**Q** 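Encoded as structure tokens, here's the structure I'll be asking about.
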Amino acid sequence: MAQNGLLKRLENGGNVVVAEGYIFEFERKGYLQAGTFVPVVTLEHPELVRLMYEEFVHAGSDVVLAFTYYAHREKLRLINREGDLEKMNIAALKMAREVADKHGCLMAGNICNSSVYLPDDKESHKITEAMFKEQIELAVQYGADYIVAETFSHLGEGILALECIKKYGNGVPAVITMSPPPTHFVDGVKIAEGCKQLEDAGAAVVGLNCGMGPETMLPLMREIRQICKGPIAALPVTYRTTPEEPTFFSLTIPGSKKRAFPLDLCACICSRQQIAEFAEQCKEIGVQYVGLCCGNSANMTRIVAEVYGRTPPASKYSPAMEKHFIFGDKSKFKSGFTEDLRTHVGGQFD
């Protein structure tokens, strides 16, 4: 187990950088199906899951988040693989613990939106609790330092997840990150007020993940910071959401009215500069638990990590465009490249 737990790292204003986004990365690589979004890659190609854990740590993540998102009973039922639940979770957790121990990182278990929970349906609450319970107990058994419960649109489901971590988690801290519509949870509570309820109920960290990109998440983080006293979390998707299209579900392909989610979100990806600006603003707000969700990649995690004062191994390969034969330092290259070729590629660069 890592020597310093989550709470220790967050003491006295400390911070934690966390890489998420496994689902979209594996879909992009061709090992996971859009639509079902079930992490079958964990069993079919475990070596690739281990490699992605390693890549995110190399890029600056302080945490190896076990890839158990959507490895719950309801998702597996839809593809007739409920029998794989335990071995899928165990494989993800064991590899995460091994990589975390190798690099001195934290390891987090992960539960998420159930696709079952309905606010006024008590039976759905029982089913959801049972789903949470089996994943939480496995996470504890295989050495999670804390448990992330994330991507809930109903405040009630987030509260239930927190209660389950307290009930079945053997004392491990809970990080609860929500993914509501732009102003209120589906069950009617304002976002900052809901986060305060979660904090008061015992969550170690509260905040937002997924759904919104940096532009639409940051104003809400400012509101959450004003009302919540403890550590807060921001893990947006890496897409250019706007007040008019506030979540990645509502984004349209630039120049068209066609919905971008999920197959054409690549047309809406944030620039590296936008990711750096997001991280800078998070530091200014006082976000202590920071990262990126769907659309994340190792180079983007490196940017966040560097803004937050890290120098991960991947920083060895951070851009050095002064060495480029066209766009670099003119004193280092012949004018036929840095001057003559520039006139042919178009644009103003000086």
Side-chain angles (χ1 to χ4, degrees), residues 1-2 4-6 9-10 15-27 32 37-39 41-42 46 48-72 88-113 132 135-136 138-140 142-152 161 165 169 172-179 203-210 231 233-238 288-298 300-302 304-305 308 310 312:
M1 301 275 288
N4 296 312
L6 175 70
R9 295 194 186 203
L10 295 174
N15 54 63
V16 177
V17 176
V18 186
E20 296 196 0
Y22 298 100
I23 289 277
F24 271 34
E25 267 291 82
F26 277 118
E27 192 281 330
L32 190 148
F37 291 118
V38 181
V41 63
T42 306
L48 299 182
V49 175
R50 184 185 293 271
L51 179 59
M52 194 172 291
Y53 289 162
E54 291 274 3
E55 286 178 352
F56 280 146
V57 171
H58 178 79
S61 183
D62 299 315
V63 178
V64 181
L65 179 66
F67 187 27
T68 59
Y69 189 97
Y70 278 170
H72 61 54
M88 186 178 290
N89 278 264
I90 290 172
L93 289 159
K94 286 181 69 176
M95 288 189 289
R97 184 71 267 167
E98 289 163 5
V99 174
D101 288 344
K102 175 182 175 182
H103 296 285
C105 296
L106 297 171
M107 189 275 267
N110 189 203
I111 61 175
C112 66
N113 48 312
F132 289 159
Q135 286 193 290
I136 291 167
L138 285 170
V140 171
Y142 286 90
D145 296 299
Y146 68 98
I147 294 175
V148 175
E150 63 181 348
T151 326
F152 304 114
I165 294 170
V172 301
V175 172
I176 313 293
T177 55
M178 307 293 289
S179 184
V205 181
V206 299
L208 304 178
N209 82 295
C210 208
L235 299 102
V237 298
T238 64
Q288 290 177 251
Y289 189 103
V290 65
L292 301 167
C293 197
C294 297
N296 184 28
S297 54
M300 290 186 174
T301 289
R302 179 180 65 191
V304 175
Y308 265 69
R310 312 293 198 273

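Please read these numbers as outputs of a predicted model, since none were measured by experiment.
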**Q** Should V64 and M95 count as side-chain neighbours, where that means a heavy-atom distance under 4.5 Å?
**A**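 The answer is no; the side chains never approach within 4.5 Å.
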
**Q** Measuring only between side-chain heavy atoms, which start at C-beta, is C105 closer than 4.5 Å to D62?
**A**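 Of all side-chain heavy-atom pairs linking D62 with C105, none is under 4.5 Å.
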
**Q** How long is the span from the CG atom in D101 to the CG atom in L106, to the nearest 0.5 Å?
**A**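 Separation between the atoms: 10.5 Å.
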
**Q** About how many Å separate CD of E25 and CE of M52, when rounded to the nearest 0.5 Å?
**A**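 Spacing of CE (M52) from CD (E25) equals 5.0 Å.
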
**Q** Could you tell me which residues satisfy ring pair (Phe, Tyr, Trp, His ring centres under 6.0 Å) with F26, sequence neighbours excluded, listed by chain and number?
**A**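 Residues passing ring pair (Phe, Tyr, Trp, His ring centres under 6.0 Å) with F26: F67.
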
**Q** Is it true that D145 and R97 have a side-chain N and a carboxylate O under 4.0 angstrom from each other?
**A**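 A salt bridge links D145 with R97.
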
**Q** Between the side chains of T301 and N296, is a donor N or O closer than 3.5 angstrom to an acceptor N or O?
**A**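 The criterion, which ignores hydrogens and geometry beyond distance, is satisfied for N296 and T301.
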
**Q** If every non-hydrogen atom of L6 is compared with every non-hydrogen atom of P173, which pair is closest and at what distance?
**A**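 So the minimum-distance heavy-atom pair works out to CD2-CB, 4.3 Å.
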
**Q** List the steps and the verdict of side chain to side chain contact (heavy atoms under 4.5 Å, CB included) for H103 and E54.
**A** CA-CA 9 Å; H103 296 285; E54 291 274 3; 2.6 Å; yes

**Q** Start with the C-alpha distance between T68 and Q135, add both sets of side-chain angles, then the distance that settles side chain to side chain contact (heavy atoms under 4.5 Å, CB included), and finish with yes or no.
**A** CA-CA 8 Å; T68 59; Q135 286 193 290; 3.8 Å; yes

**Q** May I ask you to decide if N113's main-chain N or O and Y70's side chain share a donor-acceptor pair within less than 3.5 Å?
**A**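 No, Y70 side chain to N113 backbone: no donor-acceptor pair under 3.5 Å.
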
**Q** Taking the side chain as every heavy atom from C-beta outward, state whether Y69 and F37 have any pair of such atoms under 4.5 Å apart.
**A**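 SC-SC contact between Y69 and F37 ruled out.
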
**Q** So, do V148 and E20 sit near enough that their side-chain heavy atoms are less than 4.5 Å apart?
**A**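 They are in side-chain contact.
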
**Q** Does F56 reach the side chain of L65, with side-chain heavy atoms less than 4.5 Å apart?
**A**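 Side-chain contact under 4.5 Å: no.
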
**Q** Looking at E55 and A298, would you say the former's side chain and the latter's main chain have a donor-acceptor pair under 3.5 Å?
**A**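 No, because the side chain of E55 does not come within donor-acceptor range (under 3.5 Å) of the backbone of A298.
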
**Q** Distance check, rounded to the nearest 0.5 Å: I136 atom CD1 versus N89 atom CG?
**A**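 Interatomic distance, I136 CD1 to N89 CG, rounded to 0.5 Å: 11.5 Å.
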
**Q** Looking only at non-hydrogen atoms, find the nearest pair between V63 and A108 and report the distance.
**A**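 Here V63 and A108 meet closest at CG1-CB, 4.0 Å.
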
**Q** Give me the atom names and distance for the closest heavy-atom approach of L10 to N15.
**A**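 That closest heavy-atom pairing would be CD2-CA, 4.1 Å.
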
**Q** Would you please say whether a donor-acceptor pair under 3.5 Å links the side chains of N110 and Y22?
**A**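 No, because no side-chain N or O of N110 sits under 3.5 Å from a partner of the opposite role on Y22.
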
**Q** Between V175 and I147, is any pair of side-chain heavy atoms under 4.5 Å apart?
**A**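 The answer is no, as the side chains (C-beta and beyond) never meet within the 4.5 Å cut-off.
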
**Q** Under the ring pair (Phe, Tyr, Trp, His ring centres under 6.0 Å) rule, collect the residues that match up with Y146, sequence neighbours excluded.
**A**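 Ring pair (Phe, Tyr, Trp, His ring centres under 6.0 Å) list for Y146, sorted by chain: empty.
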
**Q** What are the two closest heavy atoms between R302 and P312, and how far apart are they?
**A**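 Closest pair (atom of R302, atom of P312, distance): CG-CG, 4.4 Å.
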
**Q** Taking T177 for its side chain and L208 for its backbone only, find out whether a donor-acceptor pair lies under 3.5 Å.
**A**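 Not a single qualifying donor-acceptor pair exists.
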
**Q** Does R50 reach the side chain of E98, with side-chain heavy atoms less than 4.5 Å apart?
**A**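 R50 reaches E98 side chain to side chain.
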
**Q** With no hydrogens and no angle check, is any side-chain donor or acceptor of S61 less than 3.5 Å from a backbone partner on A19?
**A**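 At least one qualifying donor-acceptor pair exists.
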
**Q** Under 3.5 Å, is there a donor-acceptor pair linking the side chains of E150 and N209?
**A**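 Yes, a side-chain donor-acceptor pair sits under 3.5 Å.
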
**Q** Indicate the atoms forming the closest heavy-atom contact of L235 with V18, along with that distance.
**A**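 The pair with the smallest heavy-atom distance is CD2-O, 3.8 Å.
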
**Q** Can you confirm whether Y308 sits close enough to V16 that some side-chain heavy atom of one is under 4.5 Å from a side-chain heavy atom of the other?
**A**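 No, every pair of side-chain atoms sits at 4.5 Å or beyond.
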
**Q** Might you work through the side chain to side chain contact (heavy atoms under 4.5 Å, CB included) test for H72 and I111, ending with a clear yes or no?
**A** CA-CA 8 Å; H72 61 54; I111 61 175; over 6 Å; no

**Q** For the residue pair P39 and M88, what are the closest heavy atoms and their distance?
**A**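 In this case the closest contact between P39 and M88 is O-SD, 3.8 Å.
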
